[in-house]
Structures are given as C-alpha cells and as structure tokens.
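This report refers to the structure that appears directly beneath it.
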Amino acid sequence: MTENPDTPFRPEARSPRGFIDKRNAQIAIERRLIETVSKVYESFGFEALQTPAFEYADALGKFLPDSDRPNVGVFALQDDDDQWMALRYDLTAPLARFAAQNWETLPKPFRRYAYGPVWRNEKPGPGRLREFMQCDADIVGSDRPEADAEVIALAVTGFKALDIPTRIRINNRKLLNGLLTSLGVIDPVQQLGVLRAIDKLDRFGLPGVELLLGAGRKDESGDFTKGAGLPSSAIQPVLDFVSAGGADTRGDVLNRLANVLANSPEGLAGVEDLGRIGTALAAMGVDEASAVFDPGIVRGLEYYTGPVFEAELLLETRDEKGNLVQFGSVGGGGRYDDLVARFTGEKTPATGFSFGVSRLAAALALVGDSHTTRARGPIVIIAFSDSDMGEYFKLAAEIRAAGMSAEVYVGRSGMKAQMKYADRRVSPAAVMLGGDELANGTVTIKDLDAGRQAALQISDNQQWREARPGQVTLPRQDAINHLKSIMNMT
RNA sequence: GCCGUCUUAGCUCACUUGGUAGAGCGCCAGAUUGUGGCUCUGGAGGUAGCUGGUUCGAAACCAGCAGACGGUACCA
C-alpha cells in the first residue's frame with residue numbers, strides 16, 4: 001500500500017459473510033433447544049457423542065476437495081503432512097467414520113446423539129448460513145423399519161417438548177425407485193432429474209413438476225431449466241404417485257400408494273416398510289397430524305436408501321417488514337444403508353434424524369417465542385466513590401452467595417448513566433451504597449421493574465424525581481431479603 | 001454458478017437537469033451537587049461501498065471489483 005506512514009492500517013470491523021455473531025438472547029434460545037432435544041434423545045436411549053470439527057476430507061465422502069477446487073462445498077485445508085482436512089458439513093458423516101473405526105467394541109445397534117456446529121462453504125442467504133448448529137440422533141446397525149419409526153417418534157416428541165408446531169412428512173425411496181423401474185426409467189441421471197423435479201412441488205405445483213419431468217421449464221426471468229426428459233407415458237404415473245399423499249390418515253395414503261405401485265415389486269416392498277413404520281408409530285402414540293406419509297418429499301440427498309423424513313414448521317413467520325418468511329425444513333433425516341460401508345466394505349444399515357437448531361432458533365426469534373424469557377441482567381451496584389469500592393464488592397459477593405447475580409459498575413460514568421446502564425441491561429434492581437447509606441448503616445434498593453411501570457403514569461419530571469418509584473432505604477442487613485423478594489425468591 | 005435490483009451518519013432514509021451532504025430515530029452531555037422514563041437545550045458522528053474513468057467540478061454519468069437483497073440452479 002502506498003499510504004501515508006502516519007495513518008496506520010485500520011481493518012474494517014466485519015464478520016465473514018455467512019457467519020454471524022450470536023448475542024445473549026439467541027444463545028439462550030439455542031441452548032434451550034439443545035437441552036430439551038438432548039433430554040428427549042436420552043429418554044429414547046441414545047448416548048452422547050462428540051466428534052471433532054475437522055475430519056480428513058476422504059472421510060467426509062464424495063465432496064472431496066480436489067487439487068483445482070479444494071474448497072467447493074466444504075472448508076478444507078492441508079495439514080502439515082499434506083493431507084486434506086475439512087470442517088464437517090453435517091454430523092452424519094463423522095458418525096459413519098466413528099462407527100466404522102470402533103465397530104468391534106460398540107454395543108450394537110449403536111444409538112447416539114450429537115450436537116454442534118457444522119460448516120458449509122456455499123452461498124449464504126436468509127436462514128442459510130455457512131456455520132450453523134445441528135442436533136442429531138442416529139441408530140447404526142438396525143435394518144428394521146421400527147428403527148425408522150423410533151427416529152420419527154423421537155423427532156415428533158422433541159418438537160412437542162419444545163412446543164413448536166411441526167409435521168413430519170415421511171416418504172420411502174423404494175417407492176419412486178420401484179415406480180421408475182417398472183416404467184422403464186432406469187438411467188440414474190434421469191432418475192435424479194425426477195427427484196429434483198418432485199422436490200420443486202412446493203414452489204411450482206403439479207403443472208411445474210410436469211414440465212420439469214418432461215422437456216423442461218422456463219421461469220419468470222426467462223431462465224430455462226432442463227427437465228428429466230421422461231417419455232409422456234411415464235409422466236402421468238409419476239404425477240399420480242406424487243398426488244397420492246394428502247389423505248386423512250397414514251393408512252389411506254398407503255392404500256392409494258399400493259394402487260399406484262401395483263406393478264412394482266420394489267415399490268410394494270417400500271409400502272410394506274411404511275406400513276410397519278405406521279404400525280410402530282401408532283403403538284408409540286404418534287398421532288396422524290404429527291407424522292404423515294407424503295410421496296412428494298424428496299430430500300435430494302443421494303445417500304438415502306429407504307425411508308426419508310422432513311420436519312415442516314407450521315408457524316407463520318414474518319420479518320420486520322411483515323413479509324412472510326418461508327423457512328423450509330427445520331429438520332430431516334432418513335435411512336442410509338451404505339454410509340458405513342464406505343469404510344468397512346460391509347453393508348451397515350443406519351437411520352437418523354437431524355434438528356436444524358440454528359434455523360429453528362431463527363424462526364422462533366421471528367415469531368417472538370413465548371418461551372424465550374427476556375434475558376435479565378444482573379443486580380447492579382452503583383459506584384459512588386473510589387474509596388468505597390470495597391464496600392460495593394463486599395455486597396456483590398453477599399448477593400451472589402444468596403443465589404442472585406450481581407455486578408459492581410466498573411465504568412467511570414456518573415450516577416445517571418449508571419442507572420441507564422442498569423435499565424439497558426434489563427436489570428431487576430439497582431443498589432445504592434452511597435456516603436449517606438454507609439454512614440447510616442443502610443442501603444437503598446430500587447426495584448427497576450416497579451419503576452418502569454410507574455413511569456407510564458407520570459409525565460411530570462419533578463414528580464417523577466420525587467416519587468422515586470420502587471425505591472426503598474432500609475437497614476443494611478435486610479438488603480438480601482429485600483432483593484430476594486424483588487426477584488420472587490421468597 | 002447464472003439473471004436482476006440495490007449500496008449516502010450506528011439504524012431507517014432524503015438531497016429538483018452533475019456545483020464537494022441533511023432529517024428522524026439512536027448515542028453522549030446539560031437542565032436535575034446522588035437516580036432509569038417524559039420534555040427542552042447542546043454535542044459527537046459521513047473520503048456518499050472500493051478502485052479507476054469522463055468533467056473546470058461527481059454522492060449523482062461510465063467501467064471494474066466487493067458486499068447486500070430478490071429469483072433461479074445446487075444443496076451432504
């Protein structure tokens with residue numbers, strides 16, 4: 001840089017795009033989500049597991065960095081021995097690695113839950129960050145549909161415990177695979193195209209999906225998206241299949257699917273699996289509204305091999321301007337029978353579910369979640385004079401010993417600013433131990449909530465100052481009890 | 001990745017055809033020698049995203065880059 005040496009370089013204070021700072025309120029929401037969901041997971045017999053943020057890139061699967069584009073999709077870097085390491089992009093791949101590495105000694109089937117941040121190096125958007133939290137539960141080593149049902153029940157129970165209205169939509173990869181095979185659509189590229197087309201059902205509706213199944217679709221901006229190129233004879237059966245959802249009960253959907261898939265052995269096997277899942281769900285008391293069968297759910301993930309599930313948020317969320325915000329799925333999962341086999345060569349059936357913690361927290365922040373009690377600040381002890389600081393800290397220690405949080409103001413501003421500070425921290429009380437109080441063996445305590453209330457009635461400043469709403473002066477030894485009563489601890 | 005719109009004070013936004021910036025809110029202070037709100041008064045705060053070009057002169061016009069937003073693609 002050719003700058004004047006007198007002006008030092010000043011970096012712009014900013015966070016990398018797709019990465020955000022979380023303040024007290026949001027941390028509180030995320031913490032509650034993780035704690036609640038973890039308890040539910042444990043009640044279903046899942047044990048906790050923490051794996052590192054980094055994995056060797058080859059352990060993460062197909063999104064390997066190659067030498068030209070080492071950072072597509074993942075954040076990767078080379079270790080000092082030249083091996084590629086990458087930040088994990090989900091919690092499932094590390095589980096597969098862990099299970100493969102420790103398979104001999106694990107109790108099988110292995111049930112574990114995990115939570116923590118994951119990272120994806122892709123374009124961020126609203127509700128879409130490059131660092132976010134997930135909370136997963138998986139069962140490795142069971143091929144029973146009942147294991148899938150447990151994972152679904154787990155998700156339903158978790159959302160119920162959080163009191164967040166959601167619906168789990170359940171599908172099975174075998175259904176569509178079977179249908180396509182029976183229709184003679186066996187080209188994997190074409191099959192993938194069909195999955196992508198169906199995934200757009202929410203946004204473009206049946207007519208849009210029809211176009212994408214065939215030649216393709218042009219959107220409003222004139223952009224053309226190439227379709228799956230199915231023959232017209234195959235399009236209608238796929239549309240019929242997708243439309244088979246939306247019946248009143250899980251049983252009704254299965255009946256419809258059985259009709260549509262009558263010519264497909266694999267498809268009927270998939271319906272059979274769903275039937276057993278449905279039976280188990282009913283036994284576990286999962287009601288019809290909380291978990292539905294829906295052949296329109298795709299979950300683009302190529303690694304899913306059987307049942308797939310997706311959690312849909314049923315809250316209406318709006319941003320500051322009142323616009324509807326579509327949050328998409330707030331969780332999902334499914335059966336992945338080939339993931340562990342990547343390491344061991346042995347087919348190891350597994351199924352799991354993932355809570356999108358960050359996305360849920362963002363949604364709850366938008367709706368002003370009623371559970372989110374506003375984060376309260378500490379009791380603030382006003383600092384009057386340097387020579388009395390010891391008295392302030394002594395009182396702070398007493399308050400903490402009584403189970404309340406307290407803080408001595410350690411800035412250098414005057415009293416008015418200190419009161420403002422306490423107000424801004426949403427403190428329950430301010431405590432004054434000034435020269436008068438110390439001389440008289442008293443303490444003055446101001447109930448800030450009571451004052452806030454009173455302020456609404458008083459418009460005259462003189463009156464406001466004289467009333468000193470919520471404020472009392474009492475013997476020093478009564479301070480703790482009075483504070484407790486303000487905090488509703490008596 | 002592709003297409004489009006946008007970028008002026010901490011925030012939300014103004015500034016008639018290019019003549020070197022304003023408001024509201026917020027923030028700080030005072031009125032009120034030891035008291036949050038209201039009211040009034042004063043103050044701080046901007047190289048108009050960055051870089052280059054056109055011009056006597058650019059926040060405004062042009063180009064490149066960066067970032068934000070919207071759509072689309074992708075999404076483990």
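Every chain is numbered from 1 and lettered A, B, ... according to where its sequence line falls, protein lines coming before strand lines. These numbers come from a predicted model, not from an experiment.
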Worksheet item: Cation over ring, A/R217 on A/F204, under 6.0 Å and within 45°?
Response: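 That pair qualifies as a cation-pi contact.
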
Are [X] and [N] close enough that a side-chain N or O sits under 4.0 Å from OP1 or OP2?
{"X": "A/R424", "N": "B/C27", "answer": "yes"}
{"X": "A/R196", "N": "B/C74", "answer": "yes"}
{"X": "A/K416", "N": "B/G36", "answer": "yes"}
{"X": "A/R465", "N": "B/G34", "answer": "no"}
{"X": "A/K420", "N": "B/C28", "answer": "yes"}

Fill in: Watson-Crick or G-U wobble mate for B/G67, both contacts under 3.5 Å
B/C6

Worksheet, complete the sentence: Across every strand shown, the nucleotide meeting Watson-Crick or G-U wobble geometry with B/C11 (both distances under 3.5 Å) is B/G24

Worksheet item: Which residues pass the salt bridge (Lys or Arg N to Asp or Glu O under 4.0 Å) test with A/R476, sequence neighbours left out?
Response: A/E398

Practice prompt. Quick one: do A/E312 and A/R167 satisfy salt bridge (charged side-chain N to carboxylate O under 4.0 Å, His left out)? Show the steps, please.
Written response: CA-CA 5 Å; A/E312 175 192 10; A/R167 172 166 54 214; 3.3 Å; yes

[N] [atom2] sits how many Å from [X] [atom1], rounded?
{"X": "A/Q418", "N": "B/C28", "atom1": "CD", "atom2": "P", "value": "13 Å"}
{"X": "A/K226", "N": "B/C2", "atom1": "NZ", "atom2": "C1'", "value": "17 Å"}
{"X": "A/Y421", "N": "B/A29", "atom1": "OH", "atom2": "C1'", "value": "20 Å"}
{"X": "A/Y409", "N": "B/U35", "atom1": "OH", "atom2": "C1'", "value": "14 Å"}

Worksheet item: Can you tell which of B/C28, B/G34, B/A73 lies closest to the side chain of A/R203?
Response: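 For the A/R203 side chain, the nearest candidate turns out to be B/A73.
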
Discussion item. Ignoring hydrogens, what is the shortest heavy-atom contact between A/S329 and A/R359? Give both atom names and the distance.
Written reply: O-NH1, 3.1 Å

